[in-house]
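To start, the structure under review is shown below, and the notes come after it.
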Amino acid sequence: MSLSGLELLSEHLDPNLLGRLKKLKELDLSNNLLETLPPNLGLSHLRILRCTNNQLGDVTALHQFPELEELSLEGNPFLTVSDSLKVSFLLPKLRTVNGKDTASTCSQVESLDRELTNRVTAHWQKFIATVSPEEEADKVQADFMKSAVRDVRFGPESLIEFTQWRVRMIAEELVASGGAQVQDAKVPVKHLQAAGTAKLRARKVASKRPGNDPVSLPPSKRVCAFPPAQTEGSPVDADGGQAALHLEPLHFLQCHSRNNSSKDLETQLWACAFEPAREEGHSGATSQTVATCGGEAVCVIDCQTGLVLHKYKVPGEEFFSVAWTALTVVTQAGHKKRWNMLAAAGLRGMVRLLHVRAGFCCSVIRAHKKAIATLCFSPTRETHLFTASYDKRIILWDIGMPNQDYKFQANDFLLAGCEGGCCCWDVRLDQPQKQRGCEVDFVFSADSKVSGQRVDGLAFVNEDVVASKGSGQGTIYLWSWSQTWAGRGSQSVLSVVILARLQWSATSLAYFSLSTCPDKNLVLCGDEEGSVWVYDVEPLLKQSPLLATTLQPPTQILKWPQPTALGQPVTKTMVNTVVANAAFTYLTALTDSNIVCIWRRC
């Protein structure tokens with residue numbers, strides 16, 4: 001039976017009506033507006049179910065179809081990799097999901113479930129040993145449930161929704177059995193309905209982790225447990241004491257290789273960016289998922305496990321830049337949900353907006369006639385996207401927010417490093433002109449009256465302090481935006497107010513990307529020798545202005561380790577891009593040898 005393309009809402013599926021179709025084996029609900037499936041449709045003989053292109057946010061209601069063999073869920077943007085694991089757990093006879101065999105997913109579910117069962121059981125035994133005999137049984141059970149969901153962890157962060165879902169179920173079984181070992185995963189229908197309802201309620205105010213089915217990499221593509229890297233220099237805190245930063249290489253990946261070949265050391269890797277943390281409103285919230293781009297692929301990687309969670313390829317494209325933003329989407333029923341969107345662009349001059357959670361490209365913007373060198377989202381306007389192209393134009397796009405009306409404040413300036421120096425544009429949207437000329441050229445010497453010095457690295461350390469660099473200078477400048485702008489007047493060429501000078505490589509090679517970790521006051525930059533220069537600039541920003549002329553050494557230099565387990569030694573490489581997550585627990589470096597190196601802070 002086909003009910004496709006009828007704009008059906010969830011409440012339109014009448015269980016009393018559909019329940020009469022006792023022998024129905026195939027049902028097509030594609031291209032509708034369904035957010036969930038009623039839990040009691042009564043179609044116990046259903047073999048094939050198509051629910052593509054809906055707004056499903058929960059899969060636990062599928063438990064009512066025990067004979068289901070084929071399932072299609074593509075085009076449901078609120079479903080994640082955790083939901084695909086739930087589907088495999090709930091439907092033992094399922095053979096294909098979205099046209100793909102479920103054998104590998106089922107194997108992964110079995111492995112996860114076995115380990116989670118062991119960990120919850122061990123947690124129960126440890127918890128019970130601390131319980132006083134006078135405590136009420138109901139309170140003990142409730143406290144155990146909370147502690148199990150909070151403390152039992154296993155697997156990558158991208159699967160945390162699935163693992164917490166199973167931990168809760170296993171804990172309930174343990175409580176019901178009085179602590180007996182869980183032998184078989186039986187799923188009470190009542191529990192699933194309650195879990196599904198709770199999830200939908202939670203989704204109105206919180207987002208889920210985007211992700212996709214993990215890609216298994218051969219041993220030659222992923223290497224762990226390297227010895228600590230060589231370091232030079234000693235970090236100094238604000239009081240002059242030593243405060244070491246210990247990092248070690250955790251994974252080496254060649255996930256951008258042509259034809260997945262380990263011999264490809266030529267594909268260029270251009271940019272990487274950590275995903276926004278899924279916790280909203282929490283200070284210090286961070287992510288361990290990083291997006292990388294190079295060649296014809298964009299990869300999303302879990303830094304903890306080294307798994308490639310998703311890979312998006314466009315034959316003939318060469319991706320140069322990626323950037324994340326977090327959007328609030330309003331469903332047809334008026335519910336607000338947040339998802340993280342990844343923008344990627346490169347040689348073809350087109351911006352692709354990728355919904356990583358669902359694994360598809362939402363939109364393509366034909367932005368420029370020439371290649372796009374870099375793109376970034378506004379830190380204060382989540383729908384504002386800047387693209388900079390070799391056609392010598394920077395364009396501000398409003399990618400939009402479905403079913404939302406936004407009023408933007410008119411107080412924006414765009415700062416960009418260029419071949420001719422560092423330039424500033426007024427990009428306030430209350431101005432009538434579409435094309436804007438450069439407002440101010442910034443120079444880095446008080447004696448200089450003209451611009452012309454290339455700035456090939458630029459990043460904000462905080463809301464006021466800018467870090468910038470150029471090739472051949474051997475210096476990274478820290479300068480104040482507010483103090484510099486205050487002295488503008490009517491000048492079109494303005495000397496920056498320098499707060500500190502950081503020693504860097506004197507190489508004449510250009511375009512080593514500069515990045516910052518604002519929460520930790522760190523500045524990061526690679527070099528032509530494969531090293532990563534790390535600067536803790538917090539004490540420097542507190543120093544006397546008279547010391548700003550003194551060249552400050554790096555806090556630490558991370559030397560390039562030899563990833564011989566990749567199949568062949570890489571004796572010479574350049575680190576052209578390096579980024580860290582907000583908590584500085586993971587650092588990702590891209591090399592000109594087609595190697596992604598992930599470092600972990602010890």
Side-chain angles (χ1 to χ4, degrees), residues 5 7 30-35 51-57 72-84 98-99 158 203 207-213 271 273-276 278 287 289-293 296-300 308-317 319-368 372 375-378 381-387 395-406:
E7 297 187 357
S30 302
N31 303 306
N32 286 297
L33 303 173
L34 305 176
E35 290 193 0
C51 292
T52 58
N53 299 324
N54 280 279
Q55 297 187 33
L56 294 177
S72 297
L73 292 172
E74 291 178 310
N76 286 275
F78 302 112
L79 296 182
T80 72
V81 62
S82 288
D83 292 303
S84 68
N98 300 330
S158 56
R203 287 174 64 87
S207 64
K208 300 194 299 181
R209 182 71 173 179
N212 212 302
D213 292 319
F274 273 90
E275 180 186 10
R278 64 180 186 138
S287 166
T289 306
V290 68
T292 61
C293 71
E296 61 184 18
V298 173
C299 295
V300 179
V308 179
L309 304 176
H310 181 69
K311 188 172 185 177
Y312 179 79
K313 295 181 67 175
V314 179
E317 176 67 279
F319 288 103
F320 292 154
S321 185
V322 287
W324 292 92
T325 189
L327 299 178
T328 301
V329 179
V330 179
T331 69
Q332 290 288 336
H335 300 153
K336 292 184 178 181
K337 301 178 180 180
R338 288 183 67 83
W339 71 35
N340 288 337
M341 185 77 69
L342 179 65
L347 185 64
R348 292 185 175 181
M350 295 186 290
V351 177
R352 288 172 168 82
L353 300 178
L354 307 179
H355 190 332
V356 178
R357 176 184 302 171
F360 66 89
C361 180
C362 296
S363 180
V364 177
I365 302 173
R366 300 184 182 277
H368 297 266
I372 296 175
L375 50 77
C376 67
F377 282 97
S378 165
R381 313 287 195 276
E382 54 201 0
T383 64
H384 283 199
L385 174 65
F386 293 95
T387 59
I395 299 180
L396 168 60
W397 305 85
D398 188 345
I399 65 173
M401 194 91 75
N403 299 324
Q404 289 280 5
D405 293 323
Y406 279 82

Q) Is Ile399 close to Ser363 at the side-chain level, that is, under 4.5 Å between some pair of heavy atoms? A) no
Q) Can you tell me how far the CG atom of Leu309 sits from the SG atom of Cys299, to the nearest 0.5 Å? A) 10.0 Å
Q. What is the distance from atom CZ of Arg348 to atom CZ of Phe319, rounded to the nearest 0.5 Å?
A. 8.5 Å
Q: Taking all heavy atoms of Ile395 and all of Ala367, pick out the closest pair and write down the distance.
A: CD1-O, 3.7 Å
Q.
Using the salt bridge (Lys or Arg N to Asp or Glu O under 4.0 Å) criterion, which residues pair with Arg352? Sequence neighbours excluded.
A. Glu317
Q. Got a sec, which residues hit side chain to side chain contact (heavy atoms under 4.5 Å, CB included) with Ser72, two or more places apart in sequence or on another chain?
A. Arg50, Thr52, Asn98
(Q) Evaluate Leu56 against Leu73 for side-chain contact (heavy atoms from CB on, under 4.5 Å), listing each step before the verdict. (A) CA-CA 9 Å; Leu56 294 177; Leu73 292 172; 3.9 Å; yes
Q. So which heavy atom on Ala323 is nearest to which on Phe377, and how close?
A. O-CE1, 3.7 Å
Q.
Could you tell me if the side chain of Val356 sits less than 4.5 Å from the side chain of Asn340, heavy atoms only?
A. no
(Q) Can you give me the closest heavy-atom contact between Ala343 and Val351, atom names plus distance? (A) CB-CG1, 4.2 Å
(Q) I need the Thr383 OG1 to Leu327 CG distance, nearest 0.5 Å. (A) 7.5 Å
Q | 4.5 Å side-chain heavy-atom contact, Asp398 and His384 | A | yes
Q | Non-hydrogen atoms of Lys313 and Ala297 that approach each other most closely | A | CG-CB, 4.0 Å
Q: State, to 0.1 Å, how close Ala326 and Glu382 come at their nearest heavy-atom pair, and which atoms those are.
A: O-OE1, 2.9 Å
Q: Of all the heavy-atom pairs spanning Ala344 and Val298, show the shortest one and how long it is.
A: CB-CG2, 3.8 Å
Q: For Thr387, enumerate each residue passing the side-chain hydrogen bond (donor to acceptor under 3.5 Å, both in side chains) test, keeping only those at least two apart in sequence or located in another chain.
A: His368, Trp397
Q: Please round to the nearest 0.5 Å and tell me the distance separating atom CG of Asn76 and atom CG of Leu79.
A: 5.0 Å
Q) What's the spacing between Leu396 CG and Arg381 CZ if we round to 0.5 Å? A) 10.5 Å
Q | Residue list, ring-ring contact (aromatic ring centres under 6.0 Å, His included) with Phe386, at least two apart or on another chain | A | none
Q. Can you find a heavy atom in the side chain of Thr289 that is under 4.5 Å from one in the side chain of Val300?
A. yes
**Q.** Which residues share a side chain to side chain contact (heavy atoms under 4.5 Å, CB included) with Asn53, sequence neighbours left out
**A.** Asn31
